[in-house]
Amino acid sequence: MARLAQTAGLTDVQQEILSTVRDFVDKEIIPVATELEHRDEYPQAIVDGLKELGLFGLMIPEEYGGLGESLLTYALCVEEIARGWMSVSGIINTHFIVAYMLKQHGTQEQKDHFLPRMAVGDIRGAFSMSEPGLGSDVSAITSKAVKDGDEYVLNGQKMWLTNGGTSSLVAVLVRSDEGHPEGTAPHKSMTTFLIEKKPGFGEVRPGLTIPGKIEKMGYKGVDTTELIMDGLRVPADRVLGGVTGRGFYQMMDGVEVGRVNVAARGCGVAQRAFELGVQYAQQRHTFGKPIAQHQAIQFKLAEMATKVEAAHAMMVNAARKKDSGERNDLEAGMAKYLASEYCKEVVEDAFRIHGGYGFSKEYEIERLYREAPMLLIGEGTAEIQKMIIGRRLLEEYRFQG
């Protein structure tokens with residue numbers, strides 16, 4: 001089948017990686033995704049396959065045993081994986097964000113300790129900012145770390161951890177007032193801690209509890225959990241970067257990577273929805289001919305394909321900007337906003353093309369219809385993206401009157 005959303009200027013290595021991932025998706029993910037999703041079953045065999053392909057080390061530098069690839073390569077792989085099943089892309093996303101934060105901000109000891117094992121998938125990462133009462137208002141974090149000798153004691157409740165149960169390393173953002181006088185801006189008194197734990201649920205180490213999975217409308221298979229810290233003791237050498245007060249900036253750097261990831265997921269889901277819609281439109285007959293020959297359906301397909309292309313182009317631009325070392329919060333915000341909105345619209349159009357059959361669990365589009373809404377809120381809602389975009393535009397186009 002001819003494909004939309006081709007990317008110009010890729011190296012032979014990038015093309016080979018993407019071809020390998022695409023084949024894996026077609027053979028190992030798409031045939032089983034809907035069945036596993038309906039059972040809300042963790043896709044262990046798929047994850048093991050990704051591990052064998054080396055994808056858990058895709059962006060980790062070669063000196064630590066990874067492939068040392070770019071954010072663009074990673075985003076294009078995520079697009080392919082999300083085309084198969086969005087939950088699988090979520091499994092690798094939080095892992096990559098933690099690995100990226102370690103690479104960019106970790107001490108040498110932290111890099112040497114974690115990155116080689118993360119590269120081969122023996123350590124799997126998750127990260128945690130949100131809490132039950134704050135949503136996108138990160139400055140309102142109440143979880144707190146208090147210094148006690150060579151350790152910190154952490155208390156608080158975190159929310160919406162992807163891979164909360166299956167991960168063995170969690171980067172957690174908390175308040176840390178030590179060394180920061182009263183009146184310090186909230187974002188300057190936050191610290192990221194690297195918390196090691198055993199995979200599973202319940203008390204996974206003294207003072208740290210991962211309750212059971214949160215039941216969700218979609219985005220099943222991958223575990224989404226809370227994280228409860230009650231007198232959790234963490235050594236001082238597990239402060240990311242070795243210095244307190246930098247956690248907010250470290251997390252925001254990671255979230256920029258995460259927003260490119262969400263944009264890539266939106267592109268992948270939209271691509272799959274278009275494929276399902278255009279195939280069904282040629283198979284389903286009404287009034288004596290395939291519905292694809294009706295002008296109304298052709299118009300819908302044209303709109304869907306254009307949205308897939310536009311979202312892909314913006315996602316690629318945001319990834320390349322980050323790879324160049326430039327600030328990309330504007331581009332990442334735009335890409336995340338557009339791709340998630342277009343994904344919802346393309347999925348709904350494919351759902352409409354399927355008619356009553358789209359409402360049946362026997363058809364793959366039913367799963368996509370429940371998955372797409374998560375992208376509207378993951379890594380910041382559309383409203384948050386608009387705030388970021390608007391503020392950056394005013395910086396770039398400041399009126400000189």
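The figures that follow rest on heavy atoms only: side chains count, while hydrogens, waters and symmetry mates do not.
The heavy-atom pair separating His285 from Gln282 by the smallest distance is CE1-O, 4.4 Å. Closest approach of Pro199 to Thr166, counting heavy atoms only: CB-O, 3.9 Å.
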Any chance you could lay out the salt bridge (charged side-chain N to carboxylate O under 4.0 Å, His left out) test for Glu37 and Arg367, step after step, and finish with the verdict?
-> CA-CA 8 Å; Glu37 196 271 350; Arg367 170 172 62 82; 5.3 Å; no
Determine, step by step, whether Asp329 and Lys336 satisfy the salt bridge (charged side-chain N to carboxylate O under 4.0 Å, His left out) criterion, reporting the C-alpha distance in whole Å, the side-chain angles of both residues, the deciding distance to 0.1 Å, and the verdict.
-> CA-CA 10 Å; Asp329 53 342; Lys336 191 275 177 187; over 6 Å; no
Determine, stepwise, if the pair Glu275 / Arg272 fulfils salt bridge (charged side-chain N to carboxylate O under 4.0 Å, His left out).
-> CA-CA 5 Å; Glu275 291 173 1; Arg272 183 59 180 165; 3.0 Å; yes
Start with the C-alpha distance between Lys386 and Glu383, add both sets of side-chain angles, then the distance that settles salt bridge (charged side-chain N to carboxylate O under 4.0 Å, His left out), and finish with yes or no.
-> CA-CA 5 Å; Lys386 291 177 186 178; Glu383 289 73 23; 5.2 Å; no
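Between Val170 and Lys158, the closest side-chain pair of non-hydrogen atoms is not below 4.5 Å. Put simply, the side chain of Ile123 reaches to within 4.5 Å of the side chain of Met118, judged on heavy atoms.
Under the 3.5 Å distance criterion, with hydrogens and angles disregarded, a donor-acceptor pair is assigned to the side chains of His312 and Thr7. No donor-acceptor contact under 3.5 angstrom links the side chains of His105 and Thr192, judged on distance only.
Below 30°, between 30° and 60°, or above 60°: for Phe96 and Tyr74 the angle between ring planes is between 30° and 60°, a tilted geometry. The aromatic rings of Tyr363 and Tyr357 sit tilted relative to each other, their planes meeting at an angle between 30° and 60°.
Partner Lys307 forms a salt bridge (Lys or Arg N to Asp or Glu O under 4.0 Å) with one of Glu348, Glu341, Glu345 and no other, that one being Glu345.
Asp122 CG to Arg124 CZ: the interatomic distance, rounded to the nearest 0.5 Å, is 9.0 Å. Separating the NZ atom in Lys213 from the CZ atom in Phe201 is a distance of 6.5 Å, to the nearest 0.5 Å. Put simply, OG1 on Thr306 and CG on Leu301 are 10.5 Å apart, with the number rounded to the nearest 0.5 Å.
For Tyr64, there are no ring-ring contact (aromatic ring centres under 6.0 Å, His included) partners, not counting sequence neighbours.
Of the possible polar contacts, none joining the Lys322 side chain to the Ala318 backbone as a donor-acceptor pair under 3.5 Å is found.
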